[in-house]
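Report on the structure given below.
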Amino acid sequence: MATPAKYGETSWQLSVQVDQKEGDESMKFKMRVMGDLHIGGLMLKLVEKISKCDWSDHALWWEQRKCWLLKTHWTLDKYGIQADAELRYTPQHKPLLLQLPNMKTIQMTVSFSNVVFKTVTDICRILNIRRPEELSLLKPPDDASKKKKKKDKDSEQEEIWDIDLLSGGPSGTGTLKEKDVSYSPFISLKLGPMYSKTMKATYDPENGMPMSATSVWFGENPLAESQTNLPPAELAKMYQPLSLVDKAVNNAGWLDSSRSLMEQDIQDYDKLLLRFKYNVFFDINPKYDGVRITQLYEQARWSILLEEIDCTEEEMLMFASLQYRICKLTMSTEPLNNSNEPEIDEIEAALSNLEVTLEAGHTDKILEDITDVPELANSLRLFRPKRLTLRSYKEYWFVFKDTTISYYKNKEASSGEPIEQFHLRGCEVVPDVNVTEKKFGIKLLLPVADGMNEVYIRCDNETQYAKWKAACVLASKGKTMAYSSYKTEVKHIQSFLQMKNLAPPPGQSAPDVEAMDMNAECFVSPRYAKKHKTKQVCLRFVIFYFLTARILEAHQNIAQLSLVEAKMRFIQAWQSLPEFGIKYYIVRFKGSKKDEILGISYNRMIRIDMSTGLPVTTWRFANMKQWNVNWEIRQVAIEFDQHVSIAFSCVSCDCKVVHEFIGGYIFLSTRSKDQNETQNEELFHKLTGGQE
C-alpha cells in the first residue's frame with residue numbers, strides 16, 4: 001500500500017506514444033506521474049521502460065497543443081500538462097522531400113523541431129548554398145504536402161535523390177545516392193565514370209561544413225550542373241497561366257520561419273519547395289557559389305518558361321538564346337573545367353569589396369555632398385495618356401537635376417520656368433523598350449495623393465536611354481547621379497540592351513548549321529512556342545523555323561560567354577524585368593470596401609487594383625518609420641514619412657506571412673561585406689516574428 005500513499009490524488013495516468021525507427025510499429029505507454037515531474041525526468045522514466053537503443057534524437061511532442069517540449073527543466077505543471085494530454089516521444093529529425101529550384105526532388109533528413117529559419121540554414125549548409133537567409137520553404141500550390149507520402153520505391157514515378165544527413169550527430173558522413181540512374185536525363189548527363197554510386201563528404205565536427213568542399217561538393221556536385229531542358233510536351237503539362245490572384249494564393253504557402261515544421265503540420269515525407277524567397281542576392285562569387293548560381297539560374301529559368309513573371313517577346317528570345325548557350329556548354333562532350341572560367345583579378349575584387357563596404361557605410365552620401373551633382377539635358381519626347389486618345393509623342397527639352405525632371409518648350413526656354421516638373425522619389429520606373437524596332441521608352445508612374453500619374457518619355461538611342469533610365473532608377477530611391485552606383489547602373493542597362501539585340505554583330509559568321517536540329521520550343525514558354533510553331537524564315541540562305549532562327553541570331557551576341565558568365569547574365573536579365581521579385585497578396589485596406597492586391601518587393605510595396613492589374617500607389621521601405629501588427633484583429637499597420645499611414649488585413653494568407661516579408665527585407669538590408677556569413681538569427685526573429 002506504500003505506492004498509493006505516496007501518489008494519492010495528486011498523481012495521474014499520462015499516455016505517451018513512442019515512435020521507433022522506420023518500419024517498427026509505435027508503442028503506447030501509460031505512466032503514473034505527478035505535476036512536479038520535469039520533462040527530462042519523464043523521458044528518463046520512459047527510456048527505462050522501453051528497449052535499450054539510441055534515443056538521443058527523440059523528444060516529446062504534445063499533439064493537442066502542437067508544440068515540442070524541449071525545455072527539459074520545465075515541469076509538467078509549468079507546461080500545463082494534465083491527464084488528458086497525448087504526448088509522442090518521436091525523433092526530432094525526420095525525412096522530408098524537397099523540390100529544389102531546378103525542379104529536382106531530393107530526400108533529406110532534417111530537423112522537425114528547430115524553427116524553419118535554422119532548418120533551412122542546415123539544409124543549405126549541406127547543399128553548399130551560401131547566404132541561406134535568402135531562401136525558405138514553400139508549400140506546393142496544390143497542397144500536396146498534406147497528403148502522406150509512403151516510402152514505396154517501386155510505385156514512385158518521380159526520380160528522387162536520397163541524401164542521408166549527419167546520421168551520427170554533428171560529425172558524420174553525408175551521402176548522395178542515385179535512385180534509378182537510367183531514368184533521369186540530368187543524372188545520366190553528367191554522372192559518368194567519374195561518379196560512383198554513392199558520393200560521400202566528410203564533415204568538420206566543429207561547424208558541420210564539408211571538409212573537402214572544393215573537391216567533393218563544388219567540383220563534382222551535380223547540383224552545380226544545369227539541367228537539360230524538358231521536351232515541349234512535358235513543359236506544356238507543367239504550364240498553367242497565372243493571374244495576380246493565382247500568384248497571391250500560391251504565395252500564401254510560405255512557411256513561418258519562427259516555428260518548426262511539426263508546428264505547421266508538416267509530416268514525414270511531405271513535399272516542400274526550397275526556393276529563393278528574398279530577391280536580394282548578396283555577395284555572389286563564382287569561386288564559391290557554384291551551386292547557388294546554378295539554382296538561382298534554374299529558379300529564374302523556370303519562372304520564365306512557366307510565365308510566372310511577364311516579359312516581352314524580345315526578352316523571351318534573349319532568355320532562350322542564353323538557355324541555348326548554357327545547354328550547349330553543359331552538354332559539351334569536353335569535360336567542364338572550372339579553371340577555364342575567367343579568374344577575378346585580386347586587386348579588382350578587393351576594390352569591388354571596398355566599394356561595397358563604403359556604400360554600406362553611406363560614404364556615397366558624403367561623396368554626393370562634396371561633389372557637383374551631374375545633370376542630363378536632352379531633347380526627348382513626352383506622352384501623357386488620356387482617355388480616348390492615341391499615343392502621340394511631343395518633343396520637349398528635358399533637364400534631369402538631382403531627383404527631378406523638368407521639361408521646357410525648347411533649349412532656349414530652359415533658362416526660365418519649366419512647363420512642368422516630375423519629382424521621381426518613390427516613383428515606379430518601367431522600361432518600354434523594343435531594341436529591334438529602335439524604341440527606347442521609359443514609363444514613369446509618379447505617386448500622387450490619389451494614386452499614380454502615368455508618364456511616357458521616349459529617347460533617341462541606346463546610350464541616351466541607358467543614362468536617363470539609370471538616373472530615373474536612382475532618383476526613385478532618393479539618390480542622384482553623384483552616387484557611385486550610377487555608372488554601374490548605366491553599364492548594366494547597356495549590357496541588357498545588347499543581349500536583347502537580335503541582329504548579329506558585324507562580321508559575325510553564319511550560325512552553326514548543326515543547330516538546325518535544335519528543338520527551339522524547349523527554350524520558350526508553351527504559349528509563345530504555340531504562337532510561332534509553324535512560322536518559317538530564311539536565315540543566311542537556310543530555311544529555319546522562326547524560333548530557331550531568332551534564337552540563333554540572338555545567340556551570336558553571346559557566343560563568347562563562358563558557362564558561369566552565361567548563367568550570371570541570365571540572372572541579371574531576370575532581375576531587370578519590371579515584375580522581378582514582387583510577391584502578391586490579397587488584402588483589404590482599412591476603410592476600403594473591396595479586396596485589392598498588395599505587391600511586396602525588396603525595396604517597396606505596391607497597391608494594385610485587382611480588376612485592372614494596374615498600380616495605384618507605391619510606398620518605399622526607405623520612407624518607412626515603423627510598422628506593427630495587431631494580432632487580435634490580424635491587421636498590419638505601417639507609418640511612413642510625411643505623415644502617411646496605411647493599415648490592411650490579409651485575405652489570401654495569415655498576416656504573419658506579409659509581416660515576415662517586410663521584416664525579412666529590412667533584416668537583409670543590414671548585411672555588409674565586413675560581416676562573416678553567420679547571420680544574427682535573434683535580430684531576424686525580432687524583425688519578423690512579431691509579438692504573438
Side-chain angles (χ1 to χ4, degrees), residues 101 115-125 127-137 207 209 254 257-258 274-293 295-296 299-300 344 348-367 473-474 477-479 483-485 488-489 492 568 571-572 574-575 580-583 600-605 620-627 658-690:
V115 295
V116 166
F117 183 89
K118 183 69 168 64
T119 298
V120 170
T121 300
D122 293 340
I123 291 170
C124 291
R125 185 176 67 240
L127 299 181
N128 199 23
I129 299 176
R130 292 197 313 142
R131 303 296 176 183
E133 66 276 6
E134 297 170 359
L135 296 91
S136 192
L137 298 175
N207 58 23
M209 289 293 288
W254 289 105
S257 297
S258 302
L274 180 68
R275 295 290 185 268
F276 289 89
K277 176 179 179 180
Y278 300 103
N279 292 283
V280 279
F281 314 125
F282 186 71
D283 188 27
I284 293 181
N285 189 328
K287 188 175 181 180
Y288 306 110
D289 289 325
V291 178
R292 184 183 177 202
I293 290 172
Q295 296 302 321
L296 254 178
Q299 184 163 324
I344 301 174
E348 183 181 345
L351 290 173
S352 176
N353 290 346
L354 177 62
E355 181 180 1
V356 173
T357 304
L358 291 175
E359 287 181 3
H362 305 289
T363 309
D364 264 342
K365 180 61 182 171
I366 301 172
L367 191 64
V473 169
L474 262 66
K477 304 173 184 176
K479 298 180 179 181
Y483 276 66
S484 60
S485 54
T488 304
E489 186 71 26
H492 284 166
M568 291 297 293
I571 294 168
Q572 289 165 359
W574 176 50
Q575 290 175 292
F580 167 75
I582 302 177
K583 300 292 191 298
I600 301 179
S601 182
Y602 72 97
N603 62 352
R604 68 198 189 281
M605 295 189 299
R620 294 200 168 267
F621 290 153
N623 301 331
M624 184 188 297
K625 295 176 67 176
Q626 65 176 7
W627 86 100
V658 174
H659 174 62
E660 185 170 312
F661 256 106
I662 297 171
Y665 274 126
I666 292 174
F667 168 76
L668 295 182
S669 70
T670 65
R671 297 181 296 182
S672 64
K673 276 274 192 176
D674 57 349
Q675 291 177 329
N676 58 31
E677 292 182 26
T678 303
Q679 291 302 317
N680 187 340
E681 187 176 347
E682 182 180 350
L683 177 60
F684 176 84
H685 291 303
K686 184 177 180 180
L687 290 170
T688 64

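- Here the OH atom belonging to Tyr278 is positioned 4.5 Å from the CD atom belonging to Glu660, to the nearest 0.5 angstrom.
- Residues Glu133 and Phe684 form no side-chain contact, since every pair of their non-hydrogen atoms from C-beta on lies 4.5 Å or further apart.
- Once rounded to the nearest 0.5 Å, the distance linking CD1 of Ile284 with CE of Met568 reads 4.5 Å.
- A salt bridge is defined here as a Lys NZ or Arg NE, NH1 or NH2 lying under 4.0 Å from an Asp or Glu carboxylate O, and Glu489 with Lys479 fails to meet this definition.
- At a threshold of 4.5 Å between non-hydrogen side-chain atoms, the residues Phe667 and Lys686 do not count as touching.
- Taking each heavy atom of Ser485 and Leu474 in turn, the nearest pair found is OG-CD2, 4.0 Å.
- The two residues Val120 and Leu274 come nearest to each other via the heavy atoms CG1-CD1, 4.4 Å.
- One distance of note links CG of Asn603 with CE of Met624; it measures 11.0 Å at 0.5 Å rounding.
- Across all their heavy atoms, Leu683 and Thr670 have their closest contact at CD2-OG1, 4.3 Å.
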Yes or no on side chain to side chain contact (heavy atoms under 4.5 Å, CB included) for Leu687 and Tyr665, after CA distance, side-chain angles and deciding distance?
-> CA-CA 9 Å; Leu687 290 170; Tyr665 274 126; over 6 Å; no
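- A heavy-atom distance below 4.5 Å is not found between the side chains of Phe282 and Leu668.
- Between Ile662 and Met605, the closest side-chain pair of non-hydrogen atoms falls below 4.5 Å.
- From Tyr483, atom OH reaches atom NZ of Lys477 across 11.5 Å, with rounding to the nearest 0.5 Å.
- For Thr121 (side chain) and Phe117 (main-chain N/O), a donor-acceptor pair under 3.5 Å exists by modelled atom type.
- You'll find the side chain of Gln295 stays beyond 4.5 Å of the side chain of Asp289, heavy atoms only.
- For the pair Arg130 and Asp283, the salt-bridge criterion is met [side-chain N within less than 4.0 Å of a carboxylate O].
- For the atom pair CD1 of Ile600 and CD1 of Ile582, the computed distance is 10.5 Å after rounding to the nearest 0.5 Å.
- Between the CD atom of Gln572 and the CZ atom of Phe580 there is a distance of 11.0 Å, given to the nearest 0.5 Å.
- Annotation for Glu134 and Val280: closest pair OE2-O, 2.9 Å, computed over non-hydrogen atoms.
- Residue Ser258 comes nearest to Thr688 through the heavy atom pair OG-OG1, 4.2 Å, listed as atom of the first residue, atom of the second, then distance.
- The nearest pair of heavy atoms linking Ser136 to Val116 is OG-CG1, 4.2 Å.
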